Protein chains: 2
Amino acid sequence: MANSASGDSVVDRIVRLLSAFPEDVSALQLSELAERSGLPLTTAHRLVRQLADHGLLDAAPGGLVRPGLRLWELVNRTAPTLALRQAAMPFMEDIQQVLNQNVNLAVLDGWDALFVERLSRRGSVANRARVAGRMPVHTSSAGLALMAHQDRLLQSQYLDQFADPDGKVATDAVRLLLSETFHQGFAQLKGVVDPDTWGIAVPVLDARQRAVASLGVVVPLREMRLQALVPALQTAARGIARRLGDA
Amino acid sequence: MANSASGDSVVDRIVRLLSAFPEDVSALQLSELAERSGLPLTTAHRLVRQLADHGLLDAAPGGLVRPGLRLWELVNRTAPTLALRQAAMPFMEDIQQVLNQNVNLAVLDGWDALFVERLSRRGSVANRARVAGRMPVHTSSAGLALMAHQDRLLQSQYLDQFADPDGKVATDAVRLLLSETFHQGFAQLKGVVDPDTWGIAVPVLDARQRAVASLGVVVPLREMRLQALVPALQTAARGIARRLGDA
DNA sequence: GCACCGCTTCCGTTGAATGGGACGCTCCCA
DNA sequence: TGGGAGCGTCCCATTCAACGGAAGCGGTGC
């Protein structure tokens with residue numbers, strides 16, 4: 001901007017401001033927001049007021065700032081995941097009712113699985129896969145199911161990430177995981193997230209057999225009915241794929 | 001901005017850009033986006049690129065623009081409705097299963113009910129209450145349930161809206177609706193949205209008996225078990241309120 | 001081959017964005 | 001009770017980032 005700036009644009013600043021809100025919640029003091037976003041207090045104050053004028057933020061008197069309803073509305077009525085969510089919800093509900101387990105839906109974003117929707121079982125084991133949460137590909141069954149069914153090119157780019165620290169060992173391990181996942185048709189991760197749970201996920205494939213999403217469940221470690229879970233998930237995943245194709 | 005501008009700030013422009021996406025979907029041509037947002041093509045192009053650099057938009061080559069995953073993520077992990085949604089989901093699922101009807105959750109924003117969550121029954125009648133959709137207070141059972149349990153001050157400000165065109169007639173009609181809703185403890189609207197449906201909604205009340213949300217169902221017109229629906233909704237609403245209070 | 005249309009890049013102009021400084025408030029501790 | 005710390009808010013001269021018209025480029029249809 002004008003005047004000796006840190007070299008970033010207004011857009012940068014706005015993104016920094018929006019990103020500054022911590023994962024869990026909601027209300028933040030103006031001064032803290034300024035510090036978190038690395039902006040001078042004055043600048044943060046002005047931007048917050050401007051954003052609040054549009055309802056993208058909600059600035060309570062006293063400098064208490066929280067995300068605005070209008071921002072939520074704008075994003076959620078045009079979200080890139082809207083069609084996916086609509087197609088998937090009925091099947092996720094079926095899974096939830098029939099298997100009585102936590103169900104989640106994820107897409108691939110960078111090298112993470114981004115969880116788009118989640119239904120949790122009552123009295124369930126903890127499910128870390130929060131909505132809008134992320135998990136690295138190789139530490140989540142959802143991530144593995146997604147990555148295992150991608151372009152060769154993307155996969156090798158992904159695997160290159162692991163080459164840095166330790167040569168090829170880590171790379172080979174992940175490659176093996178992906179290969180198993182691909183050939184089995186589902187990903188299974190035992191106790192990575194939470195030592196007492198299994199994660200199981202299947203890909204939702206498009207017409208070219210690329211994973212556009214993953215459908216998964218998180219079940220207690222003692223649960224032994226894996227054989228029953230996988231076909232149910234795969235059936236649901238096909239149903240989702242069909243509805244996506246229709247639209 | 002710099003140079004003879006239309007008098008709006010960068011923030012204004014960004015909001016115009018984000019708001020320009022039509023309700024239904026997702027991909028928009030750059031030129032069309034520019035026109036919808038009322039920005040010069042060049043400006044729209046530059047802003048889109050900047051926003052795309054941060055993942056807030058997704059600019060495909062050829063000028064095809066869609067909302068970005070990162071924006072969705074940012075908003076949905078810090079959303080003002082997050083706690084509400086988490087508290088409400090289990091109860092909404094219960095309602096959906098027990099009553100086998102469409103369920104929706106709304107909050108008041110301005111003079112509209114803003115629908116925050118929705119579960120739809122399989123093979124159900126059409127439910128216009130889309131997620132992130134809006135309906136005016138007086139044309140939705142959710143809106144009535146919300147407005148009937150607000151400050152006197154807010155209510156009278158709301159009612160003043162109707163004074164303009166036709167004197168007091170419309171105002172009195174709405175006032176009556178609100179009063180009925182308040183004393184009954186639930187709102188009921190027959191065939192306003194869709195001639196073949198009922199809308200029924202109850203408020204989720206905080207400790208001061210103010211509605212922070214509404215819980216509603218949309219049922220086919222022939223459905224006669226109103227007496228069974230209302231207590232179930234009220235019970236669920238109390239459950240939601242209790243979980244909100246705990247947190 | 002020409003004309004059209006849309007995305008992209010370039011570049012001189014300029015006023016909007018910037019942020020240090022000052023003010024006023026409240027709260028807390030001496 | 002008085003002083004000081006911490007906070008949000010307002011002011012305003014400086015200046016560089018944002019602006020957008022114009023030209024370039026690639027594709028498509030006549």
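None of the values given here were measured: they were computed from a predicted structure. By convention in this document, chain letters (A, B, ...) are assigned in the order of the sequence lines, proteins followed by strands, and residues within each chain are numbered from 1.
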Measure [atom1]/[X] against [atom2]/[N] and give the value in whole Å, please.
X: B:Arg13; N: D:dG20; atom1: CZ; atom2: C1'; value: 10 Å
X: A:Ile14; N: D:dA18; atom1: CD1; atom2: P; value: 10 Å
X: B:Leu30; N: C:dT9; atom1: CG; atom2: C1'; value: 13 Å
X: A:Leu33; N: D:dG8; atom1: CG; atom2: P; value: 10 Å
X: A:Glu35; N: D:dC7; atom1: CD; atom2: C1'; value: 13 Å
X: A:Leu64; N: D:dG8; atom1: CG; atom2: P; value: 9 Å
X: A:Asp12; N: D:dA17; atom1: CG; atom2: P; value: 11 Å
X: A:Leu17; N: C:dT18; atom1: CG; atom2: P; value: 11 Å

Of residues 42-51 of chain A, the positions that come close to DNA chain C - non-hydrogen atoms, cut-off under 4.0 Å: A:Thr42, A:Thr43, A:Arg46
Result block: side-chain N/O donor-acceptor pairs under 3.5 angstrom for residues 42-66 of chain B, not counting sequence neighbours:
from, atom 1, to, atom 2, distance (Å)
B:His54, NE2, A:Asp12, OD1, 2.4

Phosphate OP1/OP2 of D:dG8 contacted by A:Gln29 side-chain N/O (<4.0 Å): yes
Flag if over 12 foreign heavy atoms under 6.0 Å of CZ, B:Arg85: yes
Salt bridge (Lys or Arg N to Asp or Glu O under 4.0 Å) between A:Arg70 and B:Asp109, worked out: CA-CA 9 Å; A:Arg70 174 135 193 84; B:Asp109 187 45; over 6 Å; no
Flag, side chain of B:Ser37 to backbone of B:Leu33, donor-acceptor distance under 3.5 Å: yes
Test: B:Glu35 and B:Arg16 ion pair at under 4.0 Å: no
Interatomic spacing from OG1 in B:Thr81 to CG in B:Leu114 - rounded to 0.5 Å: 8.5 Å
